[in-house]
2 protein chains.
Amino acid sequence: MKIQELADLMGLTPHTIRFYEKEGLLDSRHIQREKNNYRNYSDEAIERLRLIKKFQGIGCSLAELKTILQDHDMNTRTNQEVIEWILQKINEIERKKEEYDHMLVTLNWMLTYRKLLNDDPQQAEAMMAELRVRMNF
Amino acid sequence: MKIQELADLMGLTPHTIRFYEKEGLLDSRHIQREKNNYRNYSDEAIERLRLIKKFQGIGCSLAELKTILQDHDMNTRTNQEVIEWILQKINEIERKKEEYDHMLVTLNWMLTYRKLLNDDPQQAEAMMAELRVRMNF
DNA sequence: CTAAACTATGAAGTGAACTCTAAGGCAAGC
DNA sequence: GCTTGCCTTAGAGTTCACTTCATAGTTTAG
């Protein structure tokens with residue numbers, strides 16, 4: 001399979017696939033060279049890219065992925081270690097969600113204030129005064 | 001007020017404050033030059049940086065902030081426009097939260113599988129087979 | 001008076017994940 | 001046989017929000 005074919009199949013660009021190779025996420029199991037030096041991809045390449053996408057989907061950086069794939073290839077990690085890694089990832093994501101919740105709290109206050117400003121400007125000013133104290137805003 | 005004083009007050013570095021100036025987030029209302037060419041900050045600068053922090057806290061980029069501050073300075077936006085902007089921001093953040101929820105679903109499946117692998121490897125394999133179909137994993 | 005601490009400037013570096021460019025080789029359709 | 005459109009490479013550019021660097025002038029504490 002040539003690079004464009006694989007790219008279309010996986011919804012990537014040839015650039016990106018070559019970039020992954022350069023970053024060490026693909027190796028000789030996935031790519032062989034034809035005599036014209038074109039890359040020829042095996043079916044394993046498809047599996048590999050699927051795996052990459054899956055882990056990207058759970059918020060892994062390419063650097064992290066490189067380690068994960070190495071461990072995966074060499075069967076380095078015990079089940080317990082993988083479980084701990086997953087728990088840590090879950091934690092990470094939950095912290096990020098909390099950050100967004102903070103943003104939403106602020107935005108909702110702003111929204112309440114702005115809506116009040118339409119209906120009852122005086123009360124809006126009172127609210128703003130309180131907010132200034134409570135939120136340093 | 002000199003730059004270090006302002007930086008300490010706001011929890012920023014002098015570098016960052018100069019950077020904001022270069023980016024056009026601060027102007028002559030906030031900064032004057034003394035005869036030795038040192039920057040002298042007015043109290044308005046404090047308010048300005050507070051505003052910047054607040055909007056950064058709700059996920060605004062500096063580019064976006066530049067527009068927001070311009071509108072703020074010139075009183076360009078109507079209340080209704082601001083309300084719509086807030087609603088859009090809320091939407092944006094909720095979409096990002098949903099993305100994280102997707103990640104969490106995947107991670108929790110992975111976790112369940114790995115835990116099962118300890119206790120009941122056969123059932124774990126059955127689960128994996130089903131996951132492969134359902135999640136393309 | 002001197003040394004430390006502060007100020008100024010412009011430019012380059014960081015990291016993540018691509019994305020694009022330039023310059024050229026190979027292949028398939030007309 | 002010529003054009004179009006793949007393919008190759010190394011390396012630079014992109015975006016964001018700073019951060020660091022190099023160099024030099026100014027102020028202040030002892």
Side-chain angles (χ1 to χ4, degrees), chain A residues 1-26 28 30-42 45 48-69 89 92-93 96 99-100 103, chain B residues 1-26 28 30-42 45 48-69 89 92-93 96 99-100 103:
Chain A
M1 190 173 1
K2 282 196 281 190
I3 197 165
Q4 185 65 58
E5 201 183 338
L6 181 63
D8 291 343
L9 191 65
M10 298 304 300
L12 299 168
T13 69
H15 283 304
T16 303
I17 294 172
R18 282 190 287 257
F19 173 72
Y20 286 168
E21 179 185 346
K22 191 155 65 79
E23 295 296 298
L25 302 178
L26 304 169
S28 56
H30 317 102
I31 315 170
Q32 299 292 334
R33 293 299 183 127
E34 293 180 27
K35 54 179 182 288
N36 59 12
N37 200 31
Y38 284 18
R39 289 172 178 79
N40 189 350
Y41 294 91
S42 67
R48 187 62 146 202
L49 290 177
R50 263 207 250 281
L51 206 58
I52 290 172
K53 284 198 152 194
K54 181 54 69 183
F55 278 90
Q56 274 195 313
I58 59 176
C60 293
S61 70
L62 292 193
E64 215 173 346
L65 253 160
K66 201 172 164 178
T67 315
I68 293 166
L69 290 175
K89 266 281 148 192
E92 227 171 84
I93 291 166
K96 285 182 189 162
E99 260 178 58
Y100 282 135
M103 295 182 194
Chain B
M1 188 175 0
K2 282 196 283 187
I3 197 165
Q4 185 67 58
E5 200 183 339
L6 181 62
D8 291 343
L9 192 65
M10 298 304 300
L12 298 168
T13 70
H15 285 302
T16 303
I17 295 172
R18 281 190 287 256
F19 173 73
Y20 286 167
E21 179 185 347
K22 192 155 64 80
E23 295 298 298
L25 303 179
L26 303 169
S28 57
H30 318 104
I31 316 169
Q32 299 292 333
R33 295 296 186 128
E34 294 181 25
K35 53 179 182 290
N36 60 11
N37 199 32
Y38 284 15
R39 289 171 179 81
N40 190 350
Y41 294 90
S42 66
R48 186 63 149 202
L49 290 176
R50 263 205 248 283
L51 206 55
I52 290 171
K53 283 199 153 193
K54 182 52 69 184
F55 278 89
Q56 274 194 312
I58 59 175
C60 294
S61 70
L62 293 192
E64 214 172 348
L65 253 159
K66 203 172 163 177
T67 314
I68 292 166
L69 291 174
K89 268 279 151 194
E92 226 173 85
I93 291 167
K96 285 184 189 162
E99 260 178 59
Y100 282 135
M103 295 182 195

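Numbers restart at 1 for each chain; the letters A, B, ... are given by sequence-line order, proteins then strands.
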Any B:Thr16 side-chain nitrogen or oxygen under 4.0 Å from OP1 or OP2 of D:dT19: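 For B:Thr16, the contact criterion (side-chain N or O under 4.0 Å from OP1 or OP2 of D:dT19) is met.
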B:Tyr20 vs D:dC18: side-chain N/O to OP1/OP2 distance below 4.0 Å: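 Yes.
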Ionic contact status for A:Glu92 with A:Lys89, cut-off 4.0 Å: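 So A:Lys89 pairs with A:Glu92 through a salt bridge.
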Can you tell me how far [atom2] of [N] sits from [atom1] of [X], to the nearest Å?
X       : N      : atom1 : atom2 : answer
B:Lys35 : D:dT26 : NZ    : P     : 13 Å
A:Leu25 : C:dA16 : CG    : P     : 13 Å
A:Ile52 : C:dC18 : CD1   : C1'   : 14 Å
A:Glu34 : D:dC6  : CD    : C1'   : 13 Å
B:Ile17 : D:dT19 : CD1   : P     : 12 Å
A:Lys66 : C:dA16 : NZ    : C1'   : 14 Å
B:Leu12 : D:dT19 : CG    : C1'   : 13 Å

Sugar-phosphate only, base, or nothing, as touched by A:Gln56 at under 4.0 Å among non-hydrogen atoms: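 Here A:Gln56 touches the backbone only, sparing every base.
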Residues in salt bridge (Lys or Arg N to Asp or Glu O under 4.0 Å) contact with B:Glu5, at least two apart in sequence or another chain: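 B:Glu5 satisfies salt bridge (Lys or Arg N to Asp or Glu O under 4.0 Å) with no residue once adjacent residues are dropped.
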Short side-chain to backbone donor-acceptor contact, B:Asn40 and B:Arg33, under 3.5 Å: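 No; judged by distance alone, with no hydrogens or angles, the pair does not exist.
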Heavy-atom closest contact (A:Lys2 atom, A:Tyr41 atom, distance):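 The pair with the smallest heavy-atom distance is C-CD1, 4.1 Å.
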Qualifying residue, where the test is side-chain hydrogen bond (donor to acceptor under 3.5 Å, both in side chains) with A:Arg39 and the options are A:Glu21, A:Gln32, A:His30: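 Filter result, single survivor: A:Glu21.
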Annotated protein contacts, base or backbone, on nucleotides 5-11 of chain C with a non-hydrogen cut-off under 4.0 Å, one of B, S, - each: -BSSB--
Pair B:Thr16-B:Met10, side chain to side chain contact (heavy atoms under 4.5 Å, CB included): steps then yes or no: CA-CA 11 Å; B:Thr16 303; B:Met10 298 304 300; over 6 Å; no
